[in-house]
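One structure below.
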Amino acid sequence: MGRTAALGQIDALFAGHRPIGPGLLLRGDPGVGKTALLDAAAARAEAAGMRVLRASGAQFEAEIGFSTLHQMLDPLRECADRLSDRHRDALHQVFDLAPGSSPDPLVVTAVLALLRGVAAGRPLLVIVDDVPGIDRASATVLAFAARRIGDDPIVFLAAARTGAGSCFDQVGFRERQIGPLASQPATSLLDARWPGLAPTVRRRLLDEAAGNPLVLRELPGVLTDRQRCGQDPLPAFLPLHGRLEGIVAAGVRTLPAPGRQVLLLAALEPDASPATIRAAAQGRADVDDLAPAQQAGLVRMDAVTGPVVFRHPLIRSAIVQASSPGERRAAHQALAAALAGDPERRAWHLAEAATGPDEAVARALDEAALAAWRRGDPSAASAGTLNQTTVGDRRGGAAAAVTLKVRAGELSSHPAGRSRRLVEAAYLAVMTGQLDQAPRLLADAGQAPDTPTGLVFAATAHLLTHGEGDVEAAHQLLARALDDVADTAKTTNDWDSRWILHALLAVSIYAGRPEPWELLNTALARFAPEAATAFRLCYDAYVDPARTADTVREGLAHAFAALPADPSPWPVVPLTWAAVGVEALSDYRYLVRRVVERERDSGAITMVMAGLLLLCIDAYGHGQWDEAENLAGEGLDLAEAYGHHLVQGQLRCHLAYIEAARGNVDRARVLADEITTWAAPRGVGLPEAYARRVRTLAALGQSDYEEAYVQAARVNPPGAPSAGVPGRLLIMDLVEAAVRTGRTEEARAHVAAAQQAGISRVSTRSALIIAGAAALAAADDAAGRLFEAALSLPEADRWPFEQARIQLAYGQWLRRTRDTTRARLYLRAALDTLDRMGARPWAQRARDELRATGVATASTRPDTRTVALTAQERQIATLAATGLTNKQIAQQLFLSHRTVGAHLHRIFPKLGITSRVALRAALETITPDEHDHAPQPAS
């Protein structure tokens, strides 16, 4: 897996393309997959009709002369009988393993003659694995033969560890470095060998393996079944046994004692500077003592700048495993003393040195976790270096706060303190995407008499909301949580209060009904105003935006201006949701993107997914559909990997909008049905309403106005337009459907109600939608003026889909009223925009209308010959074109079937098709140079 380029080079060697030297030498670290490549090469060679001779070096045979040649040539004993007498006699030294390390020159020429004789019948592949381990006599003979093969049909293929000497170094072999697997093939390999790993465990193992295939295959085997499924926590340092220890850190136990001491300090504090290590070593060792470890290839470092860099992450585990518990505690104590100026890192090392409960250390860990949670950046608490679990995740900030809280709970002197800290860890686990860890942490918290039940309810509500999307149950829990913290809510830094507000906001937005908003309003009354500003803005933006929109926009401007230059996500997320409520997010889009990029590293995965969803919503509204599609795809991949079903539903809604607007009606309806099936039983009203909007848009695109009317009316009843999302976005859709089905008076009443409710004040988009709806519903004597007024609104061009639809409707009206010249202007403008966005049904209408005015237009359907698919898209499209189902494709590529589906509905618009049936023909029109970078499907 993941070795397409290396296999291609091997195939070229078989085909006689040997511009440099007589063979190929593969170099790489132990376990990286060199032998697997040699196996694949042998199989390909035999399939191509070549004969394969193979041998492998072994240290225990290195002193036996000709042992490697004996292994390789033994199958050719009968062929040796056809050689001259002197060559046949010379080969007896090889076949009989005659003593002597320096081969007779006759042996050298006899082996060359034997190889040439065999190759005369059919081409020959000579494979030598672990070259540094072969005996000296065999090495001499093989190097001689390799130098002299000339034009003979003989190919040499060898493998050696990086940095090890080889008998082929001076022969002129071309070298190929075999590095760690890239992310996708590494993930595929792990999933194929160990399916069903808990998401957190899977991520930890991928990080620890660092792309080493052998580690990926064998490391999960050192865990218990309960650890693999996430029921038990993983140890801070993963245990290594047998073969794993041998390939990862051979020689650690044989290093001199001072070097092992420095390595242990560096393993426990990976970012430590040389000065910190010297201080912790207390004169008993120094960074200079790392020389033997550097020579062994275990580490590298700059003695001035540091820190120590380990060749592989698991070397730390090997070093810790080679030390005694007493040595580890002493090292942690020494590091704590050396890090006195860094209270957070010092707290962690004191915690690791503790042998029992220690409330002072637990409080210090609390402070470190709180600092990491508040700052939410990679440097927060330097927590990414505090614990091997966190180091393995390569995540700091909010993710590190989980580890800190768990350890604080373990060191708590009182059951109530332990319970509270574990519940806080569970909450933070939800926010960092570790949903599989939260239930265990909540269960471990127990039910002590003074357990903070409010926080338990809040953490459980977060888990239910973000995980399963059960907003109804979450709402009930939050009502109880709010009662529990009523006496302490009047604070500005109380964790319980903040978490309840965040949970209530998510439930209120997604439930799509008034009761959660009422509960949020009740909660806001209990908090200090400065602690609840963002949440109050959200409440106003969603509950009564027609009245409060201007105030919300002003409040957002002040709140965003007051944020630091690189703020944490905690205040940004509610503020940006408020901006979505009044469609002002584009003003702060840069900040959302900055938070997303930073939180990828800091570990607040829930915040990353929320940010991607927000960016997707904004991109869709502003007609940037390709970008919206990419953002939704990225968010879906994350949401599926981390089990966030709520975000999955929302992202699918926006993918479905794009499918509907582009005329991919079948796919849009499938997605809408999936969304409704999932959302309805859980009381998640917002995705349900969005699914109705998808069906409305799909029906409008097909000119099925009756169906469009029915779907829109279920969200936005005629005569009772909603100022909320998505009700106000459906106003023009409902009016258009009503007019087209003869319900003109109903359409006018709906427009009048929207105008009376002041919905135009919510945003410039709302104003454009209502003005367009008014023009659609108007009588002919007023329609022209109203269309002009709609298209003259400020910022109308910021909402290109709505603007183009109004231009199209105006052009149709002008043509109908025989103002052909002006009709062409508006129809052409609409067509240009709709073609650019790929809104095919509406673009075709504009094209038809232009043709009716006497202007012929060519279709701008995407030319598949210029479409470049990504490597994975090409794989999926190729397999889908053969008739495989999403599930079958997922099994072949080791992906989720949902991921396959998400890729396919990104592929279809790229190829300009709407179904799998058209895939084969579309793929055949793509020229080879546009996708030759794409690897073929894995076998």
Side-chain angles (χ1 to χ4, degrees), residues 10 22-28 30-31 33-46 50-83 87-119 121-149 152 154-161 164-169 171 173 243 246-247:
I10 291 170
L24 181 65
L25 176 63
L26 306 178
R27 283 198 180 274
K34 301 183 296 296
T35 301
L37 277 169
L38 296 181
D39 292 341
R44 290 180 178 219
E46 289 174 345
M50 300 178 73
R51 180 160 191 167
V52 178
L53 297 179
R54 189 165 185 175
S56 178
Q59 290 297 328
F60 69 90
E61 291 184 355
E63 300 303 320
I64 304 175
F66 298 123
S67 58
T68 302
L69 274 176
H70 180 275
Q71 179 187 2
M72 178 182 292
L73 301 181
D74 192 60
L76 302 181
R77 282 181 182 266
E78 294 182 1
C79 298
D81 293 339
R82 295 195 290 269
L83 299 177
H87 280 158
R88 184 177 61 250
D89 292 341
L91 284 174
H92 283 304
Q93 288 190 52
V94 176
F95 293 133
D96 298 337
L97 293 177
S101 57
S102 298
D104 187 308
L106 273 176
V107 174
V108 176
T109 58
V111 169
L112 181 58
L114 178 62
L115 295 177
R116 281 175 168 165
V118 171
R122 56 174 169 154
L124 179 63
L125 172 63
V126 178
I127 294 178
V128 187
D129 200 357
D130 197 8
V131 175
I134 67 178
D135 64 281
R136 183 176 179 182
S138 296
T140 301
V141 174
L142 288 170
F144 177 89
R147 278 175 58 86
R148 283 163 174 75
I149 61 172
D152 296 296
I154 302 173
V155 176
F156 278 78
L157 184 60
R161 294 187 305 279
S166 161
C167 62
F168 298 121
D169 289 347
V171 176
F173 275 23
R243 190 180 180 191
I247 70 160

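Atoms considered below: every heavy atom in the structure, side chains included; atoms not considered: hydrogens, waters and symmetry mates.
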Task: R88 atom CZ: more than 12 heavy-atom contacts under 6.0 Å - done: yes

Separation between [atom1] of [X] and [atom2] of [Y], rounded to the nearest 0.5 Å:
| X | Y | atom1 | atom2 | result |
| --- | --- | --- | --- | --- |
| F156 | L115 | CZ | CG | 6.0 Å |
| F144 | L112 | CZ | CG | 6.0 Å |
| L91 | C79 | CG | SG | 11.0 Å |
| R44 | L37 | CZ | CG | 9.5 Å |
| D152 | R116 | CG | CZ | 4.5 Å |
| I154 | M50 | CD1 | CE | 9.5 Å |

Task: Test side-chain contact (heavy atoms from CB on, under 4.5 Å) applied to V128 and I134, L25, L53, the passing residue - done: I134

TODO: Applying side-chain contact (heavy atoms from CB on, under 4.5 Å) between T68 and each of D129, D135, L73, report the one that passes.
DONE: D135

Open item on the list: Does any part of the side chain of V155, heavy atoms only, come nearer than 4.5 Å to the side chain of P123, both counted from C-beta?
Closed with: no

- [ ] Please examine the side chains of L142 and M72, heavy atoms only from C-beta on, and report whether any two atoms are closer than 4.5 Å.
- [x] yes

[X] and [Y]: which non-hydrogen atoms are nearest, and at how many Å?
| X | Y | value |
| --- | --- | --- |
| L125 | A45 | CD2-CB, 3.6 Å |
| L83 | A110 | CD1-O, 4.1 Å |
| A159 | P132 | O-CD, 4.4 Å |

TODO: Could you please spell out the steps behind the salt bridge (charged side-chain N to carboxylate O under 4.0 Å, His left out) verdict for D130 and R161?
DONE: CA-CA 7 Å; D130 197 8; R161 294 187 305 279; 3.2 Å; yes

- [ ] Verify side chain to side chain contact (heavy atoms under 4.5 Å, CB included) between I127 and V52, making sure each step is shown before the conclusion.
- [x] CA-CA 7 Å; I127 294 178; V52 178; 4.0 Å; yes

Task: Contacts of type side chain to side chain donor-acceptor pair (under 3.5 Å), residue R54, not counting sequence neighbours - done: D39

Open item on the list: Among residues at least two apart in sequence or on other chains, which ones pass salt bridge (charged side-chain N to carboxylate O under 4.0 Å, His left out) with R51?
Closed with: none

